[in-house]
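Step one of this worksheet: look at the structure below.
Since we're looking at a predicted model, the values are computed, not measured. All ligand and atom numbering here is 1-based and tracks the order in the structure.
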Amino acid sequence: MSAERTFIAIKPDGVQRGLVGEILGRFERKGFKLIGLKQVVPSTQLASKHYGVHKDRPFFSDLVAFITSGPVVAMVWEGDGVISSARKLIGATKPLEAEPGTIRGDLAVNIGRNVIHGSDGLDTANFEIALWFESSELADWTPADQIWRKEE
Ligand code: IDP
Ligand code: MG
């Protein structure tokens, strides 16, 4: 059985503000394993599918327009409990309510420019990974320090 994986994306504001290394480094330093990484300007079709759950919300068209406005850094990270842990690293949706120490708490102020996306559950993670990545773009590998990364 393969370990848990999640889909993480640095949104166009994070890329434009030069925060890619800062954000990527937090996941790396935490001890999660990088499985896939690419920069892509998403199509409207891709963005609409990705945010399909929000299609009836008033901010949907702005959200899709924003996410397709420039490069997004799309990633897959793997590790024990990575889905919920990544959500904790990211922080609350509203950056002004996100705890200091979280990515949004430290790096953002605006809900429409909250720098990063992370899958909110197992089904969402599987859906989003398959939506953004071909399986050939995902690398299964064993870090040399794997023993130090296990939960117990
Ligand atoms: P999440 O990114 O923390 O999972 P969701 O509720 O899934 O938050 O919303 C997806 C994205 O839509 C948010 O990250 C944010 O950029 C945007 N969004 C959510 N609620 C609002 C809002 O009330 N106004 C504007 N944008 C919003
Ligand atoms: Mg969400």
message = As an exercise, identify every atom of ligand 1 less than 4.0 angstrom from a heavy atom of Asn114.
response = 13 (C), 14 (O), 15 (C), 16 (O)
request  = Write out the residue and atom name of the closest protein heavy atom to atom 18 (N) of ligand 1, then the distance separating them to 0.1 Å.
outcome  = Phe59 CE1, 3.5 Å
query = Considering only the protein, which heavy-atom contact is closest to atom 4 (O) of ligand 1, and what is its distance?
reply = Arg87 NH1, 2.8 Å
key: Protein contact of atom 2 (O) of ligand 1 - nearest heavy atom, named by residue and atom, plus distance   = Arg104 NH2, 3.0 Å
inquiry  = Just to confirm my output: which protein heavy-atom neighbour is closest to atom 12 (O) of ligand 1, and how far is it?
reply    = Leu63 CD2, 3.3 Å
key: Single-linkage hydrophobic cluster Ile90~Leu19, side-chain heavy atoms < 4.5 angstrom   = yes
query = Where the side chain of Lys30 meets the backbone of Ala86, is there a donor-acceptor pair that is under 3.5 Å apart?
reply = no
message = Please confirm whether Asp120 approaches ligand 1 to less than 4.0 Å, judged on its heavy atoms.
response = no
query = Are Tyr51 and ligand 1 in contact, using a heavy-atom cut-off of under 4.0 Å?
reply = yes
task = Taking the side chain as every heavy atom from C-beta outward, state whether Phe32 and Arg26 have any atom pair closer than 4.5 Å.
result = no
ask   = Are Ile111 and Val115 linked, directly or through other ILVMFWY residues, by side chains that come within less than 4.5 angstrom of each other?
value = no
query = Does Glu137 CD have over 12 foreign heavy atoms under 6.0 Å away?
reply = yes
remark   = ligand 1 to Lys11, heavy atom cutoff 4.0 Å, flagged ligand atoms 13 (C), 14 (O), 16 (O)
ask   = With a 4.5 Å heavy-atom cut-off, do Pro143 and Trp141 have their side chains touching?
value = yes
query = Looking at atom 15 (C) of ligand 1, what's its closest protein heavy atom, distance included?
reply = Ile111 O, 3.3 Å
message = Tell me the nearest of Val115, Thr124, Thr93 to atom 8 (O) of ligand 1, using heavy-atom distances.
response = Thr93
ask   = Side-chain heavy atoms under 4.5 angstrom apart, residues restricted to Ile, Leu, Val, Met, Phe, Trp, Tyr: same cluster for Phe59 and Tyr51?
value = yes
request  = Name the orientation class of the two ring planes belonging to Phe7 and His50 (parallel below 30°, tilted from 30 to 60°, perpendicular beyond 60°).
outcome  = perpendicular
Identity of the nearest option to atom 5 (P) of ligand 1, non-hydrogen atoms only, from His50, His54, Arg57, Arg113 = His54
